[in-house]
Amino acid sequence: MAIKGGPVMDSYTRCTLKPEFFERFYENFLASNPAFREMFANTDFANQRELLRRGISMMLLYAQDNVIGKVAVERLAQSHGKDGMQIGADLYPFWVDSLMKTVAELDDDFSPELENQWRKELAKGIKAMTDAL
């Protein structure tokens with residue numbers, strides 16, 4: 001199955017062309033909930049930013065019913081779910097909101113309509129992640 005373009009994938013591409021995108025995401029994310037600083041205290045952020053790059057890509061592929069995205073999100077769900085890191089469903093909105101804040105800051109074409117499209121696509125993968133809890 002081919003990777004489709006579209007407004008969200010185009011937005012993500014624009015964001016990833018900016019070197020500060022992933023670092024800025026973690027600044028926003030860690031500031032969004034005091035518990036996250038402790039959760040990420042011993043994190044190798046260079047590695048974590050690369051995991052984030054891949055994770056967002058896979059979430060967007062998952063939203064397109066792409067088989068590679070499906071397998072990747074199933075693995076993410078397992079590693080983040082009840083048999084892994086046990087990331088509670090209540091924490092995912094912080095991730096999505098931080099991502100949307102970062103996209104809004106760095107995508108010159110960001111709009112409320114584009115944000116709704118992002119959220120709709122991400123919701124599919126987030127549901128898969130929270131269903132694993």
Side-chain angles (χ1 to χ4, degrees):
M1 188 173 287
I3 298 173
K4 302 173 193 168
V8 174
M9 194 63 80
D10 292 346
S11 173
Y12 185 52
T13 299
R14 287 189 297 273
C15 288
T16 60
L17 291 174
K18 299 191 176 175
E20 68 271 25
F21 178 73
F22 297 102
E23 185 172 334
R24 186 69 188 125
F25 165 81
Y26 277 108
E27 290 170 2
N28 288 329
F29 182 65
L30 294 176
S32 72
N33 184 321
F36 294 154
R37 290 230 182 256
E38 185 175 325
M39 290 172 70
F40 285 82
N42 298 313
T43 299
D44 171 357
F45 276 98
N47 184 55
Q48 191 66 32
R49 286 188 293 271
E50 183 56 33
L51 292 172
L52 176 65
R53 175 188 295 274
R54 284 189 236 147
I56 295 170
S57 296
M58 293 303 107
M59 294 283 271
L60 297 178
L61 289 176
Y62 182 88
Q64 298 175 7
D65 295 321
N66 178 289
V67 68
I68 294 169
K70 185 176 187 295
V71 169
V73 169
E74 287 172 357
R75 287 183 182 156
L76 281 170
Q78 186 176 28
S79 69
H80 287 69
K82 66 179 185 270
D83 296 327
M85 292 181 276
Q86 301 176 8
I87 306 300
D90 59 319
L91 299 181
Y92 286 94
F94 291 98
W95 187 86
V96 173
D97 290 346
S98 296
L99 181 58
M100 291 302 88
K101 180 176 182 179
T102 308
V103 172
E105 290 173 6
L106 296 174
D107 181 357
D108 295 333
D109 293 341
F110 190 78
S111 68
E113 180 183 343
L114 182 57
E115 179 177 0
N116 288 338
Q117 292 171 318
W118 262 100
R119 287 181 181 277
K120 183 178 177 185
E121 289 196 23
L122 291 172
K124 297 172 186 178
I126 297 297
K127 182 178 181 330
M129 300 287 288
T130 57
D131 284 352
L133 296 171

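In this text, all values refer to a predicted model and were calculated from it rather than measured experimentally.
- Atom CD of Q48 has more than 12 neighbouring heavy atoms from other residues, nucleotides or ligands inside a 6.0 Å radius.
- Each of F29, W95, Y26 was compared with F36 under the ring pair (Phe, Tyr, Trp, His ring centres under 6.0 Å) criterion, and only F29 meets it.
- Counting only residues at least two apart or in different chains, side-chain hydrogen bond (donor to acceptor under 3.5 Å, both in side chains) contacts with residues 79-88 are absent.
- The number of heavy atoms from other shown groups lying within 6.0 Å of CG (L51) is above 12.
- The hydrophobic cluster containing F94 also contains M85, counting ILVMFWY residues as joined when their side-chain heavy atoms lie under 4.5 angstrom apart, directly or transitively.
- The shortest distance between side-chain heavy atoms of M9 and Q64 falls below 4.5 Å.
- Judged as a salt bridge (charged side-chain N to carboxylate O under 4.0 Å, His left out), and not counting sequence neighbours, the contacts of E105 are R24.
- With sequence neighbours excluded, no residue forms a salt bridge (charged side-chain N to carboxylate O under 4.0 Å, His left out) with K101.
- Each side-chain hydrogen bond (donor to acceptor under 3.5 Å, both in side chains) pair with one or both residues in residues 124-133, not counting sequence neighbours, appears once here: K127-D131.
- Atom NZ of K18 sits in a crowded spot, with more than 12 heavy atoms from other residues, nucleotides or ligands closer than 6.0 Å.
- Under the ring pair (Phe, Tyr, Trp, His ring centres under 6.0 Å) criterion, Y12 pairs with no residue, sequence neighbours left out.
- Shown here for W118 and S11, the closest heavy-atom pair between the two residues is NE1-OG, 3.0 Å.
- Residue S98 comes nearest to F25 through the heavy atom pair CB-CE1, 3.7 Å, listed as atom of the first residue, atom of the second, then distance.
- Within the 4.5 Å cutoff, no side-chain heavy atoms of M39 are placed close to those of N33.
- Considering only residues two or more places apart in sequence or on other chains, D90 meets the salt bridge (charged side-chain N to carboxylate O under 4.0 Å, His left out) condition with none of them.
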